[in-house]
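Scroll down for the structure; my scribbles are underneath it.
This structure is a prediction, so every number in the text was calculated from the model and none was measured. As a basis for the values below, the full set of heavy atoms in this structure was taken, side chains included, without hydrogen atoms, waters or symmetry mates.
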Amino acid sequence: MAADGNKRKRPNILVTGTPGTGKTTTSSALAEATNLRHINIGDLVKEKNLHDGWDDDLQCHVINEDLVCDELEDVMEEGGNIVDYHGCDFFPERWFDLVVVLQTDNTVLYDRLSKRGYEGAKLSNNMECEIFQVLLEEAKESYSEDIVKALKSNNIDDITRNVSSLTDWIRSWPPTS
């Protein structure tokens, strides 16, 4: 549990993973099932202009991590948030009670990313990220391993199962240890 988690009435959860693993789908369904607030970092960065420009090679905004953290500080302190982003190492450890890393089989992920129009460096970088489990390792290095949970996310059955188990976890929070 996060260091200041006992002050919050509701937990904060980070849902991370390579693009295309189902973070937004899972986070949206989980927010609906639990009445927690879903914060999609990519959308927040665009809406609040929390970036340092555009990366032409990767076809995405270069987020300003300090601005993102400043923007979220108060709402994270309140608790009750599901944060959805493909990175995790810049968020303060104290913010999260659970870090979920979604993982998808390479063939499934390749098809999802291709359908999104990913190509070239953007496609190969994201595929390599999943193959080498970069996000899982990043999560384990950034947070206490006892709050990091890897979940398969290949299809709707996996997502449904993940939302159900995460909903159960939220309902039993805080832990009574």
Give a yes or no on whether a salt bridge exists between Lys9 and Glu78, defined as a side-chain N under 4.0 angstrom from a carboxylate O.
no
For [X] and [Y], does a side-chain donor sit closer than 3.5 Å to a side-chain acceptor?
X: Asn64; Y: Asp52; value: yes
X: His38; Y: Asp84; value: yes
X: Thr24; Y: Asn40; value: yes

Distance-only, no hydrogens or angles: does the Ser165 side chain make a donor-acceptor pair with backbone N or O of Asn162 under 3.5 Å?
yes
Residues 114-131 vs salt bridge (Lys or Arg N to Asp or Glu O under 4.0 Å), sequence neighbours excluded, gives none
Nearest 0.5 angstrom please: Thr104 OG1 to Asn154 CG, how far?
5.5 Å
From Thr26 atom OG1 to Arg161 atom CZ, the distance as rounded to the nearest 0.5 Å
11.5 Å
Can you tell if the side chain of Asn106 reaches within under 4.5 Å of the side chain of Ile131, non-hydrogen atoms only?
yes
Can you label the angle between the Phe96 ring and the Tyr143 ring as parallel, tilted or perpendicular, going by 30° and 60°?
perpendicular
Pairs satisfying ring pair (Phe, Tyr, Trp, His ring centres under 6.0 Å), at least one member in residues 100-133, at least two apart
none
Heavy-atom closest contact (Ser153 atom, Ile159 atom, distance)
OG-CG1, 3.7 Å
